[in-house]
Protein chains: 2
Amino acid sequence: MLDATDEKLLRLLTANSREATSSLARKLGLSRSTVQERINRLIDRKVIAGFTVKTHEEYEGKLITAHVLVSIDQKYAQQAIGLMKTHSHIKTMYVVSGAYDLIAIVKAPKMEEIDQTLDFILGINGVNKTNTSLVLSAKKES
Amino acid sequence: MLDATDEKLLRLLTANSREATSSLARKLGLSRSTVQERINRLIDRKVIAGFTVKTHEEYEGKLITAHVLVSIDQKYAQQAIGLMKTHSHIKTMYVVSGAYDLIAIVKAPKMEEIDQTLDFILGINGVNKTNTSLVLSAKKES
DNA sequence: CGATAATTCCGTCAATTTAACGGAAACAAT
DNA sequence: ATTGTTTCCGTTAAATTGACGGAATTATCG
């Protein structure tokens, strides 16, 4: 579907969508018109939906984020997921396979609330283990 | 902080960050150079963090996603992060505190490529342990 | 295999856009 | 009124773009 050049182009545009087509072309070792066509193709093929701004969200930026891996007894899984869904600081949840069963992305303005959310998760019936990683910084954002 | 013009400009750029400065200027009723300055000011004032690509969820949706927790020797950390940044299937990276040091979000269309990416990560100097969770489904998305 | 179609690529030209100035208004703060 | 700051503008040479037609490469199929 996407060849290596498309992916590199996509990465460059993701890093800076305002970079001039000519500049992209130089970095990709292609002619400017080719890059132009590739971008148009990516748009036509619905790979690229558009170009936008990344804002330093005063709000989002100030939130503390934690990735919480959760291990749950299979028979309590649905119930636990249902409960966690309702918690306001649990922003995203992924059902996964691996050493854990669920990844919960927790965001809150204060560490105290992150703590309380972790306590909430640990208190849920069927949850037997968690592993929390506090996000210090994002090195690459898509 | 932001005047009405800045907000309108921000809205235009959010809709299409690749729009030419001249075109923005016409829509805003300002000279091109003024708009250029305003954009630079927005960047300097940390309102705009960057310009990026919006991808279609249909495309994103077809990708297999894995959350990879990575444990790295502190002294190799920067080097490892630099290397991982360049890998096309590593879409996002968080520096974290906890049992691991880094979380890499890996996305690829085929399981094989996920595998290869994990091998790539494990092969990096200083990486001593990883823990991979394959995303089966998202139960809640922010 | 060979012919044909489709895709990807490139160079080119005229028109537009950009970066980088210096200086004019507008606005505050004394 | 004066000084300083911010926002704005016009101007230039240099860079970039859009829009071609056609070459080179890859697929497709009879």
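We use all heavy atoms of the structure for the numbers below, so side chains are in, but hydrogens, waters and symmetry mates are not. Just so it is clear: chains get the letters A, B, ... in the order the sequence lines come, proteins before strands, and each one is counted from 1.
Taking atom CZ of A:Arg45 as the reference point, atom P of C:dT7 lies 10 Å away to the nearest angstrom. Note: CG (A:Leu42) to C1' (C:dT7) measures 14 Å, nearest angstrom. B:Glu37 has its CD atom 12 Å from the P atom of C:dA19, to the nearest Å. The distance from atom CD1 of A:Ile39 to atom P of C:dC9 is 13 Å, rounded to the nearest whole Å. Rounded to whole Å, atom P of D:dT7 lies 15 Å from atom CG of B:Leu28. For B:Leu24 and C:dT18, the CG to C1' distance is 13 Å, given to the nearest whole Å. The distance from atom CD of B:Glu19 to atom P of C:dT17 is 11 Å, rounded to the nearest whole Å. Going from atom CZ of B:Arg32 over to atom P of D:dG10 covers 12 Å, rounded to whole Å.
Taking 4.5 Å as the limit, some side-chain heavy atom of A:Met111 sits within range of a side-chain heavy atom of A:Ile64.
Within the 4.0 angstrom heavy-atom criterion, only backbone atoms of the sugar-phosphate kind lie near B:Gln36; the bases stay farther away. Using a 4.0 Å heavy-atom distance criterion, B:Ser23 is classed as making no nucleic acid contact.
In this structure, CG on A:Asp73 lies 8.5 Å from CG on A:Asn125, to the nearest 0.5 angstrom.
Put simply, B:Ser33 has no side-chain N or O that comes within less than 4.0 Å of OP1 or OP2 on C:dA19. Proximity of A:Arg26 to the phosphate of D:dA15: no side-chain N or O atom is located under 4.0 Å from OP1 or OP2. Contact annotation: B:Thr34 side-chain N/O to D:dC9 OP1/OP2 distance is under 4.0 Å. A sub-4.0 Å separation between OP1 or OP2 of D:dC8 and a side-chain N or O of B:Arg38 is present. An OP1 or OP2 oxygen of C:dT17 is reached within less than 4.0 angstrom by no side-chain nitrogen or oxygen of A:Arg18.
Checking B:Ser31 against A:Thr21, the closest nucleotide of DNA chain D that is more toward the 5' end is the one next to B:Ser31.
Between B:Asp6 and B:Arg45 there is a salt bridge, since a side-chain N of the basic residue sits under 4.0 Å from a carboxylate O of the acidic one. Ion pairing between B:Lys129 and B:Asp101 fails under the 4.0 Å rule for side-chain N and carboxylate O. With salt bridges taken as basic N to acidic carboxylate O contacts below 4.0 Å, none links A:Glu7 and A:Arg11.
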